[in-house]
Amino acid sequence: MSTALQMTAFVLALLSTLFLLLATCTDCWMVNADDSLEVSHKCRGLWRECVTNMQDGVRTCDQYDSILADHPVKIVVTRTLMITADLLAGLALATLVLGLNCIKFLKEDPCVKLKMCYGAGVILGIGSILGLVGSVWYAVDVYVERAMLVSHNVFLGVHYDFGWSCWLGMAGSTGCFVTSVLLTCCLY
């Protein structure tokens, strides 16, 4: 039972970590949601803004000036939380791999291996909370920005909605949280 649970937790942790990394690196956290006939698809991310021409598929991206430049708070906070969540998820994944029963590392001391799995669960839990806070922070800020424009009858020509990178960040964080629960509560 313990080995099957460990392998399930490992696969879920690996998939969730990949989702978190992809969400951090990709550039579609906000996508244009204008109902009119569009000739281009606009995405804003944590690192750059991209426009894809719908007719010929040509994609152009503009990098933000600098990592240290003045950016909106939602970008700075989300970057920080997502990078920290990525690092913690990677550390937890490495610790989990070493704690698996099928790995020969510390095979003679199963108590230490069990503690490594438990520690990986705690680290994943912390990383999942940071990733969820970062993703939800960004999503709420996008919603509030849109609601403020609508409430003031301001139409700028384009409205943004949550992009697939934002959803990927939420899914990866949720997967890390479920893995954390498996490793900390169910393994014993």
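What's counted below: heavy atoms across the whole structure, side chains too, no hydrogens, waters or symmetry copies.
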Step-by-step side chain to side chain contact (heavy atoms under 4.5 Å, CB included) determination, Trp47 to Asp27: CA-CA 7 Å; Trp47 311 103; Asp27 53 8; over 6 Å; no

Full working for side chain to side chain contact (heavy atoms under 4.5 Å, CB included) between Gln6 and Cys117: CA-CA 8 Å; Gln6 284 181 349; Cys117 288; 3.6 Å; yes

Do the side chains of [X] and [Y] join up, straight or via other hydrophobic residues, at under 4.5 Å, putting them in one cluster?
X	Y	value
Val51	Met30	no
Ile129	Ile126	yes
Leu87	Leu22	no
Trp167	Leu20	yes
Phe19	Leu91	no

Any chance you could measure [X], atom [atom1], to [Y], atom [atom2], to the nearest 0.5 Å?
X	Y	atom1	atom2	value
Leu14	Leu18	CG	CG	5.0 Å
Leu100	Met7	CG	CE	6.0 Å
Leu5	Leu183	CG	CG	7.0 Å
Cys28	Lys42	SG	NZ	13.0 Å
Thr95	Met116	OG1	CE	6.0 Å
Leu130	Ile83	CG	CD1	12.0 Å

Cys61: partners by disulfide (SG to SG under 2.5 Å), with sequence neighbours left out: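 Disulfide (SG to SG under 2.5 Å) check on Cys61 returns Cys50.
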
From CA spacing to verdict: side chain to side chain contact (heavy atoms under 4.5 Å, CB included), Thr52, Val58: CA-CA 6 Å; Thr52 305; Val58 174; over 6 Å; no

Worked verdict on Leu124 versus Leu88 for side chain to side chain contact (heavy atoms under 4.5 Å, CB included): CA-CA 7 Å; Leu124 270 174; Leu88 287 174; over 6 Å; no

Qualifying residues under salt bridge (Lys or Arg N to Asp or Glu O under 4.0 Å), relative to Asp86, sequence neighbours excluded: none

With sequence neighbours excluded, residues passing salt bridge (Lys or Arg N to Asp or Glu O under 4.0 Å) with Lys113: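 Salt bridge (Lys or Arg N to Asp or Glu O under 4.0 Å) list for Lys113, sorted by chain: empty.
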
Partners meeting side chain to side chain donor-acceptor pair (under 3.5 Å) with Thr26 (sequence neighbours left out): Ser165

Residues, nucleotides or ligands: over 12 heavy atoms within 6.0 Å of Phe177 CZ: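 Result for CZ/Phe177: open.
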
Can you check whether [X] reaches [Y] side chain to side chain, under 4.5 Å on heavy atoms?
X	Y	value
Trp137	Val73	yes
Val122	Thr184	yes
Ile75	Tyr138	yes
Val142	Phe162	yes

Over all heavy atoms of both residues, which pair between [X] and [Y] is shortest? Give the atoms and the distance, please.
X	Y	value
Thr78	Gly134	OG1-O, 3.5 Å
Ser180	Gly121	OG-O, 2.7 Å
Thr17	Cys176	N-SG, 4.5 Å

Ser128 side chain to Gly125 backbone, donor-acceptor under 3.5 Å: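 Flag set: sc Ser128 to bb Gly125 pair under 3.5 Å.
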
Trp164: partners by ring-ring contact (aromatic ring centres under 6.0 Å, His included), with sequence neighbours left out: none

side-chain contact (heavy atoms from CB on, under 4.5 Å) partners of Ala23, counting only residues at least two apart: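 Ala23: side-chain contact (heavy atoms from CB on, under 4.5 Å) contacts with Trp29, Met82, Leu168.
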
